[in-house]
Structures are given as structure tokens and as C-alpha cells.
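Remarks on the structure that follows.
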Amino acid sequence: MKTVKKNKERLVILFWVFVLLAAWELAATAGGVSPLLLPTIGDVAATLADSFLHGDLAYQLYYSLRVIFIGIVIAIFAAILLALAAQRSMLASGLVNVLSAIGHPLPALALLPLIIVWFGTGDASIIAIIVHSALWPVLLNLNSGFQAVPQIYLDVGRNLELSPLEIAFEIKLKASLPYLISGVKIAFARSWRALIGAEMVFGAIGTKGGIGWYIFKQRTFMNTPGLLAGILVVILIGLLIERVLFDWIEKRTVLKWTSN
């Protein structure tokens, strides 16, 4: 039953994707719109292929994915340590709550001037922006997960004479895995947006910059097909990671364990 429902949902999604693409092509070819404003799908596809085969887009995409992976991993470890500290001490819990209240609603790009002063305009600045964007949703979700752990789990751990560290990692962290995965999903979405914006502001960081720098260059040279190609890559990568990678992780962890 679930499989049939999922297949129907996929068909509906594909239908609307086809409708939107058809509307785009119709507007570009029959609407009297200048190609500078709205190129055809064929022009965008050709530009995208050329950028991958003969340009720097493949490297720029790799660069962006590499730095976002590093930043999110750092944010996850920092969130785990802060969440565990908050569980151990009321003083630490108060500090974590204050930091979360300050940091969570603060856009990463608002910190750009300060980050430039502290880290310069290299990889470290981009990673700092990603860490700031990813840390707070992961931390808040983990805190909620720790608080939702049934007391009986903790009592069993104490009866088995587990150490506080073992209880934290073997019981609290594992029981909070659905909250952690949910937090990382939100963290990726926030980090992906912040990364693209930061790359467009910073310019070329690294050898050839990232996907945000690619989009900025196309805008500078009024290359609308290239601009739309870059935007499509950003959308597709976001969809693949959120709808494919995270779904795969959930199927092999949370959904698998709860079905047994």
C-alpha cells in the first residue's frame, strides 16, 4: 500500500515538472520573450553540458560540496558535545539555551563582515558560515531528542552499571537519532543557501571558486543560459541530497529499526 502511494506521489511530481518545463519552453519560444530574459531549455542544457565538459563547473560543484561537508561535520560534532554538556549541568544548559536563542535566528550572511575580519576570505570563512548555519538546528533537535528519551531507558542503563559517558552515547544519542537526522536535514538546507550566498559575495575562493561564484560570473557577463544552468544545478543538488540521500539514510536506520 505504501509503495503504491509513493509511486502515485512520484507520478504527480513528474507531471508537474513536465508542466512547468513545457510552460517554460512555450514562453521562451512562442511568447516573444527575448533570449536574454528567458532562453530555451535547449540553450540552458547546452550551456550546462559545455560548462561541465569544457568549463570549471564540475570542479566548482566539487568545491562547494567539499566545504559544506566539512562544515556540517564540524557542526554535528559541536552540537553533540554542547547537547551532552547541557544534559550534565544546569549551568551548561543555560549557556546552550542563550547561545541557541542568539545564534539560531541570526542569518550567517549577517556575520560576513566579522567573519572576514576573523578568518579572511579563504576556505575558513566559508566553513565558518556553514558551521554557524548548521550548528543551531542540529543542536536544538538533539536537545529535544535527549529530553524525549524515555526514563526507563536511562534506568536500565544505570541498572546495568553503565558509566555516564556510556549512557550518553549508547542510550541518549542512539535513541535521539531520528531527531539528529531531522536536524541535519534542516542544517543542510540552511547551509546550502548560506554557502551559495557567501560564494557570490566573497567571489572566487580556492582555485576556481564554487557553484555560487559560477552563478555570479554568469550574471556579470549577462549569460542568462549559464545563470539558469547554475540555478538548476543548485536546485538538483539540494533535491538529490534531501530527497535521495537522507531518505536512504532514514530507510536504513530509523525506519528499519522501528519496523523490527
Side-chain angles (χ1 to χ4, degrees), residues 6 9-10 13 61 63-87 92-93 95-112 115 125-149 168-169 172-201 210-212 215 231-258:
K6 279 189 172 292
E9 289 175 352
R10 288 170 184 157
I13 291 172
L61 182 57
Y63 174 84
S64 293
L65 291 175
R66 180 179 66 85
V67 293
I68 200 171
F69 174 78
I70 293 171
I72 289 179
V73 168
I74 294 173
I76 290 172
F77 278 106
I80 290 173
L81 293 176
L82 287 171
L84 290 175
Q87 293 292 304
S93 177
L95 176 61
V96 168
N97 289 334
V98 169
L99 291 176
S100 298
I102 294 172
H104 187 53
L106 182 62
L109 293 182
L111 295 173
L112 268 178
I115 288 175
S125 294
I126 296 293
I127 292 172
I129 287 172
I130 294 169
V131 170
H132 171 78
S133 300
L135 174 61
W136 310 114
V138 178
L139 178 57
L140 291 171
N141 273 47
L142 264 181
N143 272 334
S144 299
F146 287 165
Q147 292 168 9
V149 175
F169 284 95
K172 288 184 178 181
L173 192 56
K174 288 184 177 179
S176 303
L177 186 60
Y179 291 86
L180 176 60
I181 293 175
S182 178
V184 174
K185 287 176 72 172
I186 299 170
F188 170 77
R190 285 176 52 127
S191 301
W192 191 233
R193 292 194 296 267
L195 170 67
I196 302 304
E199 288 177 342
M200 293 178 71
V201 172
I211 185 67
I215 293 173
I231 293 172
L232 285 176
V233 169
V234 171
I235 294 171
L236 288 173
I237 293 300
L239 288 174
L240 283 173
I241 292 179
E242 287 196 26
R243 297 298 178 89
V244 177
L245 178 61
F246 282 114
D247 283 355
W248 180 85
I249 292 173
E250 288 179 336
K251 284 179 182 177
R252 280 152 182 78
T253 53
V254 179
L255 297 179
K256 182 179 179 180
W257 297 338
T258 53

So L240 and L245, side chain to side chain contact (heavy atoms under 4.5 Å, CB included) or not? Walk me through it. CA-CA 7 Å; L240 283 173; L245 178 61; over 6 Å; no
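- Considering every non-hydrogen atom in both I186 and P137, the closest pair reads CG2-CB, 3.8 Å.
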List the steps and the verdict of side chain to side chain contact (heavy atoms under 4.5 Å, CB included) for W136 and L106. CA-CA 10 Å; W136 310 114; L106 182 62; over 6 Å; no
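- Other residues, nucleotides and ligands contribute only 12 or fewer heavy atoms inside 6.0 Å of the CZ atom of R243.
- Between I72 and S191, the closest heavy-atom pair is CG1-OG, 4.1 Å.
- A donor-acceptor pair under 3.5 Å links the side-chain atoms of W192 to the main chain of V234, judged by distance alone.
- Shown here for G71 and V131, the closest heavy-atom pair between the two residues is O-CG2, 3.5 Å.
- Closest approach of A187 and V138 over heavy atoms only: CB-CG2, 3.7 Å.
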Using side chain to side chain contact (heavy atoms under 4.5 Å, CB included), reason through L142 and Y179 one step at a time and then give a plain yes or no. CA-CA 6 Å; L142 264 181; Y179 291 86; 5.6 Å; no
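- Side-chain N or O atoms of S64 include one that pairs as donor or acceptor with a backbone N or O of I211 at under 3.5 Å.
- Distance alone, capped at 3.5 Å, is enough to place a donor-acceptor pair between the S100 side chain and the V96 backbone.
- For the residue pair L139 and L82, the shortest heavy atom distance occurs at CD1-CB, 3.8 Å.
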Test log, rule side chain to side chain contact (heavy atoms under 4.5 Å, CB included), inputs W248 and V244: CA-CA 6 Å; W248 180 85; V244 177; 5.6 Å; no
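- Note that CD1 of I231 is 12.0 Å distant from CG of L236, once rounded to the nearest 0.5 Å.
- Here the closest heavy-atom approach between residue I215 and residue I196 is recorded as CD1-CG2, 4.5 Å.
- Atom-to-atom distance recorded for I68:CD1 and Y63:OH is 12.0 Å, nearest 0.5 angstrom.
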